[in-house]
Amino acid sequence: MVSIRVFLFISALLTINVMGQDPPTLYQYYTEGGISSGLETLTTRQFTLNGKPITLYSGSIHYYRVVPEYWRDRLRRMRSAGLNAIETYVPWNLHEPEIGTFDFGDGGNDFSPLLNITQFLKIAQEEDLFVILRPGPYICTEWDFGGLPSWLLRYPGIKVRTSDPIFTGHVKQFFDQLLAQVVDYQFTRGGSIIAVQIENEYGSFGAANIQTSYLEFIRDTYVEDGISELLFTCDSAVSSGTTGALPGYLMMANFNNNPAEQFDKLLELQPDKPLMSMEFWVGWFDHWWSTHDTGLTTDRLTTNLGIIFSYNASVNFYMFHGGTTFGFLNGANSKGSFPFYEADTSSYDYDAPLSEAGDYTTKFDIIKDMVAQDNQVSTLIPNPPLINAKIAYPTVAITEFLSFEQIIQQIPADLITQIDTVTNMEALEINRGSGQSYGLIVYRKQIDIPPNAELQITGRIRDVAMVLVDGVQKTKRPEGALLLETFGYWTQENPNFTIIDPPAGTNTLDIVVENWARVNFGSPSDFEQKKGLFEGPVSVDGQVLSNLTAIPLEFKSKWVKSLTGWQPVEGAGQLQGPLMVRAKFQIQGTPTDTFLDMSAWSKGCIFVNGFNIGRFFLQGPQVTSYIPAPLLKEGENEIIVFEHYIPGTQIVFTAVPNLGRKKITN
Ligand SMILES: *[C@@H]1O[C@H](CO)[C@@H](O)[C@H](O)[C@H]1NC(C)=O
Ligand SMILES: *[C@@H]1O[C@H](CO)[C@@H](O)[C@H](O)[C@H]1NC(C)=O
Ligand SMILES: *[C@@H]1O[C@H](CO)[C@@H](O)[C@H](O)[C@H]1NC(C)=O
Ligand SMILES: *[C@@H]1O[C@H](CO)[C@@H](O)[C@H](O)[C@H]1NC(C)=O
């Protein structure tokens, strides 16, 4: 018996030898005999890495959109599709949350656990993937202010994405910190980074606003700080041409359709350079108040990728795994016509090859097959890891709540300021001179409000306002159509609100303004977005309100966890927002991925054991919110919801995501 087993074991080994050895790993193949050069564009139509030809099959994944416990899992899934590289942006606004305070994992901030970029670079290398790094400083990516810190808006007239010395001074300070972290992780120093991008789609900033000196400043900062890998820019080649490029540096193209036009244009602009699509948009993102946009159909994906490969081009799939825009970090688009502004959802599923929860989709299978066909270099590819289980935990009732006034009473005194007139949140003298970045801001005034008084807000509301009198919500829950033409929205169609039946005597008037996201894409005027009220006075029956109290609702994790005074819920269905509600539940054994179904709620955000997993809104399209298992724990777990209008009565879990009614595409 034993000898038969030994025989089978030996014959198995022999079989492997006879059938040929395992192919080398990617790093073995490209670093064999030592590293003498990085990624280069010496030959036409193909890159070389350390002197060997390489076609890049890359995929976008953002470390700050995936909990760190899942970094390795997601990267292995990407490698199992045959990819040889991954791309990530770097979010300046998370890495420098307050002026001069940097966070690369140990800042004690809500996002700190997601910010150890060197850890991510290391894991990428361990998972046999090269890295393309896009530090920005502007990164677009459906991310608040395109990744720029909100405190930049404290400088009057600052011109971001230009050579404005105030802007470049701050970029330099940040890049010196960031690049010191990553410099040793470059390929030619034995690390994973093979290429670094200069700015981001700078051509889209508008030809009249482009400053080559600004691109040169970024290039020079990279070089001074020791970056020696290949530098490049990207844009739509067709619409931008060389606008936004830096002479002498490789241009790449971004698109979802018409790859041939894009590559023909690149070949015209730089005939002797390899081709690459830096962002081949395989899916798309969603705006609140819209339908679920899945971007390219699988047929289109197949056709367009076929064309890309027919050019022998390299490609980065944007996104390969989108993940989640946790917290208040989602971006927005501006547009020239009604409704002018569209905030992005918290799910960044993107209809990507790997779903928000890391599941394989049809797009994954298509890409895996086509890459295997195209790839001329045989390296060791891992088997796709098993799918992570999903579970619908039992429904839990809401048992406790905090009224709006109870919430306000727990805001630390050092965050509350008196202001002469309404002021944007960024300008508040709080957070060590960095102002308020995210969340909501309350403008409070003690005043005798006569019956049927006319409240008037002059100038912009950024973005949505609620009016409370003595803690009672006066504005309506946003259901149905035509809402954006009523009071309280950024559209400014109607600046007046009639306060019917205020209680007699002195009242507390609260105007609560939600920052729903700063725009992340467009021309310079789109980058001047302050949040709150700031353009004109607020008046009641024509009397201008001065000496107001500004109360920031930042919902930082430590504060959320510290809240006390929770009251028991009696008579579910009686609760009125704005308020916070709490539910606790038990998990036996190791937690599992799950989703919350928020269809019975109105508008707000969700904290899972203190971590803000993002926003919900009854107008959709997103219905469910993803909870990755690492945010849960064995034993007691706590879910807190901040609800603007009318809360649901229970927390409902589901094992199946629902990103909403699909947009019709072809
Ligand atoms: C980040 O990761 C690196 C590399 O694994 C590690 O050495 C370092 O201690 C980590 N930093 C923090 C702040 O956790
Ligand atoms: C692509 O590469 C193949 C193999 O090297 C070559 O035969 C073909 O001509 C190339 N096609 C283009 C469009 O460069
Ligand atoms: C808004 O209220 C002001 C007085 O507070 C009044 O003068 C103005 O006509 C009102 N505007 C509209 C559109 O009702
Ligand atoms: C401004 O309002 C605060 C708080 O209501 C009050 O204490 C203070 O006396 C007011 N100051 C002036 C100048 O009215």
Side-chain angles (χ1 to χ4, degrees), residues 41-48 52-57 253 259-268 270-277 304-315 370-371 373-378 405 408-409 411 413-423 428-429 442-461 465 467 469-471 474-475 482 484-489 491-500 502 505-511 533 535-551:
T41 61
L42 305 173
T43 62
T44 50
R45 298 293 179 104
Q46 209 172 14
F47 293 98
T48 55
K52 290 185 175 176
I54 185 168
T55 299
L56 294 171
Y57 308 98
E261 271 181 79
Q262 293 283 347
F263 286 147
D264 288 347
K265 185 71 189 180
L266 280 182
L267 286 171
E268 182 192 316
Q270 46 180 31
D272 53 355
K273 291 281 194 318
L275 295 169
M276 180 160 184
S277 173
N304 292 353
L305 188 54
I307 298 170
I308 290 172
F309 287 159
S310 77
Y311 275 77
N312 289 349
S314 287
V315 63
M370 291 183 73
V371 167
Q373 285 268 321
D374 192 67
N375 195 352
Q376 305 295 306
V377 178
S378 172
E405 195 52 34
I408 297 293
Q409 291 306 324
I411 303 287
D414 65 344
L415 291 177
I416 300 178
T417 49
Q418 288 302 120
I419 48 176
D420 289 340
T421 183
V422 285
T423 306
L428 297 179
E429 291 305 327
V442 183
Y443 300 98
R444 170 166 286 197
K445 183 71 187 172
Q446 309 294 331
I447 180 183
D448 285 333
I449 306 175
N452 299 316
E454 197 82 336
L455 169 73
Q456 187 181 27
I457 297 178
T458 337
R460 272 170 239 263
I461 294 173
V467 176
V469 175
D470 297 341
K474 295 290 174 188
T475 23
L482 296 180
L484 291 173
E485 284 150 17
T486 62
F487 170 86
Y489 296 93
T491 54
Q492 298 160 267
E493 294 277 314
N494 189 343
N496 284 13
F497 184 76
T498 309
I499 303 173
I500 305 160
T506 302
N507 308 106
T508 300
L509 173 67
D510 286 326
I511 304 169
L533 303 178
E535 280 193 347
V538 172
S539 62
V540 172
D541 280 347
Q543 183 202 331
V544 170
L545 305 185
S546 62
N547 188 29
L548 298 124
T549 308
I551 309 167

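Numbering starts at 1 and runs along the sequence shown. First listed ligand is number 1; within each ligand, the first listed atom is number 1. Just so you know, these numbers use all the heavy atoms, side chains as well, and skip hydrogens, waters and symmetry mates.
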Run the numbers for me: atoms of ligand 2, each under 4.0 Å from some heavy atom of Ser310, listed by number.
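Here the atoms of ligand 2 in question are 13 (C).
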Verdict with supporting geometry, Gln46 and Thr55, side chain to side chain donor-acceptor pair (under 3.5 Å)
CA-CA 6 Å; Gln46 209 172 14; Thr55 299; 2.9 Å; yes
What short N/O contacts, under 3.5 Å, does ligand 4 make with the protein, listed by atom pair and distance?
from, atom 1, to, atom 2, distance (Å)
ligand 4, 2 (O), Gln418, NE2, 3.2
ligand 4, 2 (O), Asn547, OD1, 3.4
ligand 4, 2 (O), Asn547, ND2, 2.4
ligand 4, 11 (N), Asn547, ND2, 2.7
ligand 4, 14 (O), Asn547, ND2, 3.1

For Tyr57, all residues meeting ring-ring contact (aromatic ring centres under 6.0 Å, His included), sequence neighbours excluded:
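Per chain and number, Tyr57 pairs via ring-ring contact (aromatic ring centres under 6.0 Å, His included) with Phe309.
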Any donor-acceptor N/O pair, Thr458 side chain to Pro537 backbone, under 3.5 Å
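Yes, the answer is positive, given that a donor and an acceptor are paired below the 3.5 Å cut-off.
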Under 3.5 Å, side chain of Asp470 to main-chain N/O of Thr508, donor-acceptor pair present?
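The answer is yes, because a donor-acceptor pair under 3.5 Å joins these two groups.
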Quick one: does Arg45 get an N or O within less than 3.5 Å of an N or O on ligand 2?
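Checking ligand 2 against Arg45, an N or O pair does fall under 3.5 Å apart.
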With rounding to the nearest 0.5 angstrom, report the CD1 to OG1 distance, Ile419 to Thr549.
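The CD1 atom of Ile419 sits 8.0 Å away from the OG1 atom of Thr549.
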For the 3.5 Å polar cut-off, considering only N or O atoms, please tell me whether Asn496 and ligand 3 meet it.
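For ligand 3, there is an N or O atom that lies under 3.5 Å from one belonging to Asn496.
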Go through the steps to decide whether Leu533 and Ile461 satisfy the test side-chain contact (heavy atoms from CB on, under 4.5 Å), and finish with yes or no.
CA-CA 6 Å; Leu533 303 178; Ile461 294 173; 3.9 Å; yes
Would you check if Thr486 and Asn494 make a side-chain contact, meaning some heavy-atom pair closer than 4.5 Å?
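No; the side chains remain at least 4.5 Å from each other.
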